[in-house]
2 protein chains.
Amino acid sequence: MAEEKPTVFIIDDDPSIRKSLLRLLRSFGFEAETFDSAEEYLERERYQGTGCIVLDVRMPGIDGLALQNELNKADYTMPVIFVTAHGNIPMSVEAMKKGAVDFLPKPFDDNEFLQAVNRAVETDRTAKIRFAGTREILRRIQRLTPREQEVLRYVVSGMPNKQIAFRLGIAEKTVKAHRGRIMKKLEIDSLPELTRLAEKAGIQPL
Amino acid sequence: MAEEKPTVFIIDDDPSIRKSLLRLLRSFGFEAETFDSAEEYLERERYQGTGCIVLDVRMPGIDGLALQNELNKADYTMPVIFVTAHGNIPMSVEAMKKGAVDFLPKPFDDNEFLQAVNRAVETDRTAKIRFAGTREILRRIQRLTPREQEVLRYVVSGMPNKQIAFRLGIAEKTVKAHRGRIMKKLEIDSLPELTRLAEKAGIQPL
DNA sequence: AGTCGCATTAGACCAAAGTCCACTATACAC
DNA sequence: GTGTATAGTGGACTTTGGTCTAATGCGACT
C-alpha cells in the first residue's frame with residue numbers, strides 16, 4: 001500500500017497565517033487543509049486518517065479552546081496544537097490539561113512548529129494503531145450471537161462448563177457447543193487467548 | 001486504620017511564600033513540609049505515602065524544571081504543581097508536557113491553589129492504588145520458582161501440557177505438578193485468572 | 001411456504017487437565 | 001549429618017473439555 005501522507009488541518013481566521021503554514025507544511029511533505037473558523041471545520045471535515053489539528057485560540061465565533069472541548073466531548077482524538085498571538089499561562093495550561101500536544105505563542109519559527117507537528121502526527125499514529133487493534137477485536141466479538149457472548153463472559157470468569165450450564169439453565173452440552181463456536185468464530189484455539197481478547201474488549205469477569 | 005492525611009511538599013526559596021502556603025495547607029487539613037531548595041528536597045525526602053509537590057520554577061541551584069526532570073528519570077511519580085512569578089508560556093507548556101498537573105503564575109488565589117492541590121493528591125491516590133495492585137501480583141509471581149515461572153509462561157501461551165513437556169524436555173506429569181503448584185501458590189483456581197495475572201505482571205506469551 | 005440463523009440437546013467418543021500418593025535426586029543451609 | 005526447597009517421575013483415577021453427527025423448535029425474512 002502507498003504511504004499515506006499525514007494531513008494537517010489548519011484552523012485560523014488570519015488568511016496570511018493560513019497561507020504561510022499551508023505552504024510550509026506542504027513543502028515538508030504534509031497534506032494540509034485550511035479553515036477560517038471552527039464552524040467551518042466542524043461542518044466540512046470528517047477525516048478519518050492520521051494527522052493533527054493546528055488551532056488558533058482567538059477566533060470569532062467558536063474559539064479554539066471551545067472547539068477543543070467539542071472534539072473531546074465527541075471522542076474525536078486527533079491531536080491538537082494551539083497557536084496564538086494573545087495567549088497567557090492559564091490559557092496554555094488549560095489547553096494542555098485538556099490534552100493539547102503543544103501550545104505555541106506567535107510568532108514561532110518554522111522549526112519549532114514543524115517539530116510540534118511531527119510530534120502530534122506521531123502521537124496520532126500510535127494512538128490509531130493501538131485503537132485499531134482493540135476495535136478489530138470488538139468487531140469480532142460483536143459478531144458472536146448474544147448467547148455466545150453471554151457464555152463467553154462466564155467462560156473467561158473461569159467457571160467450569162457444568163456451572164455455566166446450571167446458571168443459564170441449559171445442558172452442559174449446549175455450553176460446549178457455544179464454546180466451540182466461539183473459538184471458531186474468533187479464530188483462536190486456546191483459553192488464555194480467549195481471556196486476553198475478552199480483556200481487551202472490556203468484558204468483565206463474573 | 002487511621003485516615004492518612006496527604007502530605008504536600010513545598011519547595012520554594014522564598015520564605016514568606018513557604019510560610020503562607022504551609023499555613024494555608026495545614027488549615028485545610030493537609031500535612032505539609034517545606035524545603036528552601038531542590039537539593040534539600042532530594043537529600044531529605046523519601047516519602048512513600050500519598051501527596052504532591054508544590055514547586056517553584058525559579059530557584060538558585062537546581063531549578064524547578066530540572067528537579068522535575070530528575071524525579072521523572074527516577075520514576076518518582078508524585079504529582080507536581082508549579083508555581084512561579086517569572087513564568088512564560090513555553091515554560092508552562094514544557095512543564096505540562098512533562099506531566100505537571102498544574103502551573104500557577106504568582107500571584108494566585110488560595111482557592112485555585114487548593115483546587116490544584118486537591119486534583120494532584122487525587123491523581124496520586126488513584127495512581128498509587130493502581131500500582132499497588134500490579135505490584136502485589138508481581139510479588140506473588142516472583143515467589144514462584146524459576147521453573148514454575150517458565151511453565152507459567154508456556155501455560156498462558158495456551159500450549160497443552162504435552163507440548164510444554166516436550167519443549168522443556170520433561171514428562172507431562174511434571175508439567176501438571178508444576179501447574180498445580182502454580183495455582184496453589186497464586187491462590188487462584190482457573191486458567192483465565194492465571195492469564196490475567198500474568199498479563200498484568202507483563203509476562204508475554206510465546 | 002420455504003429457508004436461515006439461532007439456540008438447544010443427545011450420544012458416542014477422545015483428549016486434556018487435575019488429583020493423590022509415593023519415590024528419587026539434587027543442592028543448599030544449619 | 002538432618003533438614004528444606006526444588007525438580008522430576010510414575011500409577012491410578014476422576015473430572016473437564018472438545019469434536020462430530022444428528023436432530024428439534026423458533027422467529028425472521030422472502
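Keep in mind it's a predicted model, so treat the numbers as computed, not measured. Numbered from 1 within each chain, the chains take letters A, B, ... in sequence-line order.
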**Message:** Measuring only between side-chain heavy atoms, which start at C-beta, is B/Leu25 closer than 4.5 Å to B/Phe113?
**Reply:** yes

**Reported CG-to-CZ distance for the pair B/Leu168 and B/Arg147, which is rounded to 0.5 angstrom** = 4.5 Å

**Prompt:** When the ring planes of B/Phe82 and B/Phe103 are compared, do they come out parallel, tilted or perpendicular, using 30° and 60° as the limits?
**Reply:** tilted

**Request:** Would you jot down, in residue-number order, the residues of residues 181-194 of chain A having a non-hydrogen atom under 4.0 Å from DNA chain C?
**Result:** A/Arg181

**Message:** For a quick test of reading the model: is some side-chain N or O of A/His178 closer than 4.0 Å to OP1 or OP2 of C/dT8?
**Reply:** yes

**Prompt:** Taking OP1 and OP2 of D/dT15, is either one under 4.0 Å from a side-chain nitrogen or oxygen of A/Lys162?
**Reply:** no

**Prompt:** Atom CZ of A/Arg179 and atom P of D/dT19: how far apart are they, to the nearest Å?
**Reply:** 10 Å

**Request:** Can you sort out which residues in residues 136-161 of chain A have a heavy atom within less than 4.0 Å of DNA chain C? Ascending by number, please.
**Result:** A/Thr145, A/Pro146, A/Arg147

**Message:** I'd like to know if the side chain of A/Glu39 and the backbone of A/Ile62 have a donor-acceptor N/O pair within less than 3.5 Å.
**Reply:** yes

**Item:** Interatomic distance, B/Ile11 atom CD1 to B/Leu21 atom CG [nearest 0.5 angstrom]
**Value:** 12.0 Å

**Item:** More than 12 heavy atoms from other groups under 6.0 Å of NZ on A/Lys97
**Value:** yes

**Request:** Please name the pair of heavy atoms, one in A/Ala120 and one in A/Pro79, separated by the smallest distance, quoted to 0.1 Å.
**Result:** O-CG, 3.3 Å

**Request:** Could you pull out all residues at least two apart from B/Lys185 that satisfy salt bridge (charged side-chain N to carboxylate O under 4.0 Å, His left out)?
**Result:** B/Glu148

**Item:** Flag, side chain of A/Glu40 to backbone of A/Asp36, donor-acceptor distance under 3.5 Å
**Value:** yes

**Value rounded to 0.5 Å, distance of CG in B/Leu71 from CD1 in B/Ile53** = 5.0 Å

**Request:** Starting from the first five and the last five pairs of the helix from C/dA1-D/dT30 to C/dC30-D/dG1, work out the angle between the resulting helix axes, to 10 degrees.
**Result:** 40°

**Asked** In residues 196-206 of chain B, which ones come under 4.0 Å of DNA chain C, going by heavy atoms?
**Response** none

**Asked** Given side chains that start at C-beta, do those of B/Ile17 and B/Ile10 come closer than 4.5 Å, heavy atoms only?
**Response** no

**Fill in**
With B/Asp12 as partner, the option from B/Arg58, B/Arg18, B/Lys106 fulfilling side chain to side chain donor-acceptor pair (under 3.5 Å) is B/Lys106

**Sub-4.0 Å heavy-atom contacts from residues 163-172 of chain A onto DNA chain C, ordered by number** = A/Ile170, A/Ala171

**Message:** Between B/Glu193 and B/Arg196, does any NZ, NE, NH1 or NH2 come within less than 4.0 Å of an OD or OE carboxylate oxygen?
**Reply:** no

**Message:** At less than 3.5 Å, do the side-chain atoms of A/Lys173 and the base atoms of C/dG11 form a donor-acceptor pair?
**Reply:** yes

**Prompt:** Can a side chain N or O of A/Lys176 be found less than 4.0 Å away from OP1 or OP2 on D/dT16?
**Reply:** no

**Request:** Decide whether A/Lys98 and A/Asn72 meet the rule of one side-chain donor and one side-chain acceptor closer than 3.5 Å.
**Result:** no

**Request:** Give a yes or no answer on whether the side chain of B/Ser157 reaches the backbone of B/Arg153 with a donor-acceptor pair at less than 3.5 Å.
**Result:** yes

